[in-house]
Amino acid sequence: MPSCPSFSLTILRTVACIMAGAVGLVACGGGSGASPSPAGSGEGQRAGATPVASGVQFVDQTSALGLDYFIEDGGSTGVGDAVAASGGLALVDIDNDGLYELFVAHGRTERGRLFSYDGERFNPEPDNLGITPTHIDRAGYFIDLDADGWKDFISVQEQLVEVFLSDREGQFIEATSVTNLNNQRSTYSMAAADYDLDGDVDLFFSHWRGLHIVGESLTEYLWQNDAGHLTDVSDRVMIRAAPADGVQNRVIEFSYTPSFADIDDDGYPDILLASDGGNSQVLRNTGGHSFVDATTDVISDRNGMGGTVADYDRDGDLDWFVSSIHDLDGTGEGTDTGNRLYRNEDGLGNFVDVTDQAGVRDGDWGWGSCFADFDNDGFVDLFLTNGMPESGDRYANDPSRLFMSNGDGTFFERAARSGISHTAQGRGIVCADYDGDGRVDIMIANNGRAPTVYQNRTVNDHHYLQVRLVGRPGNQDAIGARVTVELASGTQLQEVQLGTWYLSQGPTTLHFGLGSEDSVTAVEIRWPDASLTRSRFDDIATDTTIVFVQP
């Protein structure tokens, strides 16, 4: 077996290492062998047909993982209170040992906690390895800002964003002023991508209830990165705002969840911005220069909270789901009409609303959402958490939703039947294979509480492939790269994203469910560089993790 090149990422459980000299690239594999598979996972159904139970099963492992700790009750919060909307997760390998760390932001009462996974439990890191936010944090993100090969930390707080740089020896040092990230508006989620393809990763922040002076450029949204020095270039983004009621000479904007996604396949990441108050936007990237408002009347969600992006219908382009509020007052005459699923109709970023056809409108008071193939049948499913305190029984004890794909663009809800009984105040989520067994698990951040973890215990004969990319120093996670997996039955497309889930960040490893197919014809990668370099690998093994290094 040929040896793998050295790079700052340790791959555990290595099972394959493939030399690809034709393109000057090396792919290394690591995985846990054949994936355990979900019993009775059905074939795709035609629209209108009775759904076939997928057999997907989850088990609450929060206590077994050491995450059932106590947090002092901070008291009730009212509807519309910014604190009530807080709480996020970041699941990332920050020390390059092949195992994940987990940062939990609780949103109120207590600052976030950092844990390291040892293969069995998540263990608290002493003093959070130096991550000490000034105020209660609502979210946190790990990203290598200064291109030194080590992930740094961005702490999102209500009126402050702080940066903690890695010292490359396992500790983090507060260094906000060094980076010039002077972000002091009411800040929520963050997304990252190399929007101008200059080789480093730029940042976008959302600002729910962000007030601005009439006539002045909106600020503190888009930050351009130059080797760790950040510059506010928000004037390049056509963000909508509306007059602020009762506040003279001010406009207000209610964005919650930004997602960088190349919706028109030109290589430049666009912005999909889920926003409250009827302001969700499609912001098209004009070749790395600016973002123009390309929102049409199709974008009709009125209280957009969370967002997630995937090629759910396997037609080769990226679609957009926005979690919202269904029947706001519980009488059938609410001020909003629920979630939205926007299908990319032509691969050029022109969306159509297929919410009702898909069957995903009702999620009550939705927050974090994710697309993921939980039963490895080759079609991504949809998970959604929700709730709002002080809003009556309907939202205060809202059950999370699990919409399983029928394989034909429609979904059926089966959270309870799958073992998911979550009714806490869920906010951010991570959907990822934290334990490396080839099945996607679910982590939920609970507002003012410890998180909840559902381990995927599905058993069937389905296969999977996990793809991990190693990019160049300024974008080592290859954020924005596109991976297409070619199978006998067709293709699957995914894009490497950072921060597309509400207040949360998951691993950049891409997980492809393959159904009954036990071989992959090819993997094609479009890298996030100015040349849009492409690499292709044929005859890839399944039930493993393959690592590809950017040439």
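Minimum interatomic distance between P269 and F260 (heavy atoms only, all atoms of both residues): CB-CD2, 4.0 Å. Taking every heavy atom of both residues into account, F374 and I442 meet most closely at CE2-CG1, 3.6 Å.
Looking at R240 and T295, their side chains come closer than 4.5 Å, going by heavy atoms from C-beta outward. Contact check for L89 versus W501: no side-chain heavy atoms found under the 4.5 Å cut-off. A heavy-atom distance below 4.5 Å is not found between the side chains of Q505 and I143. For the pair L283/V237, a side-chain contact is recorded, criterion being any heavy-atom separation below 4.5 Å from C-beta on. Annotation: side chain of V483 is in contact with side chain of V523 (closest heavy-atom distance under 4.5 Å).
Taking a cutoff of 4.0 Å between a charged side-chain nitrogen and a carboxylate oxygen, D441 and R439 do not qualify as a salt bridge.
Here D477 pairs with K151, I479, T508 under the side-chain contact (heavy atoms from CB on, under 4.5 Å) rule; sequence neighbours left out. For Y117, the ring-ring contact (aromatic ring centres under 6.0 Å, His included) partners are F122, Y434, not counting sequence neighbours. Annotation: ring-ring contact (aromatic ring centres under 6.0 Å, His included) contacts of F103 (sequence neighbours excluded): F153. Under the rule for a side-chain contact (heavy atoms from CB on, under 4.5 Å), the partners of V251 that lie at least two apart in sequence or sit in another chain are H212, V214, A241. Annotation: side chain to side chain donor-acceptor pair (under 3.5 Å) contacts of D265 (sequence neighbours excluded): R482, R526. Listed by chain and residue number, Q157 satisfy the side chain to side chain donor-acceptor pair (under 3.5 Å) test with S155 (two or more places apart in sequence, or in another chain). The ring-ring contact (aromatic ring centres under 6.0 Å, His included) test applied to F254 returns W208, not counting sequence neighbours. Partners of A175 by side-chain contact (heavy atoms from CB on, under 4.5 Å), not counting sequence neighbours, listed by chain and number: L165, V178. Applying the ring-ring contact (aromatic ring centres under 6.0 Å, His included) rule to W320 yields the partners Y342; only residues at least two apart in sequence or on another chain are considered. With sequence neighbours excluded, the residues that form a side-chain contact (heavy atoms from CB on, under 4.5 Å) with A358 are L341, V360, F411. Under the side chain to side chain donor-acceptor pair (under 3.5 Å) criterion, Q497 pairs with no residue at all, not counting sequence neighbours.
The backbone N or O of V440 lies less than 3.5 Å from no partner atom in the side chain of H511, so there is not a single donor-acceptor pair. Panel note: side chain Q281, backbone I239; no donor-acceptor pair is recorded below 3.5 Å. Remark: side-chain polar atoms of N376 are not paired, donor with acceptor, to backbone N or O of H462 under 3.5 angstrom.
Identified under the ring pair (Phe, Tyr, Trp, His ring centres under 6.0 Å) test for residues 280-300, with sequence neighbours left out: Y195-F291.
Looking at T500 and S259, their side chains do bring a donor and an acceptor atom within 3.5 Å of each other. With hydrogens and angles left out, the side-chain atoms of S116 and E125 include a donor and acceptor closer than 3.5 Å. For the residue pair D373 / Q492, no side-chain donor-acceptor distance below 3.5 Å is found, with atom types taken as modelled. A side-chain donor-acceptor contact under 3.5 Å links N456 and T458. A side-chain donor from one of H463 and D543 sits under 3.5 Å from a side-chain acceptor of the other. Side-chain polar atoms of R340 and S300 form a donor-acceptor pair below 3.5 angstrom.
Of the residues listed (I154, N182, T176), the one engaging V161 in a side chain to side chain contact (heavy atoms under 4.5 Å, CB included) is I154, and it is the only one. For the ring-ring contact (aromatic ring centres under 6.0 Å, His included) test with Y188, the passing option among F205, Y256, W367, F204 is Y256; the others fail.
Between the CG atom in L469 and the CG atom in L510 there is a gap of 6.0 Å [rounded to 0.5 Å]. We find the CG-CD distance between D200 and Q224 to be 7.5 Å, quoted to the nearest 0.5 Å.
A cation-pi contact links R314 to F379, judged by a cut-off of 6.0 Å to the six-membered ring centre and 45° from its axis.
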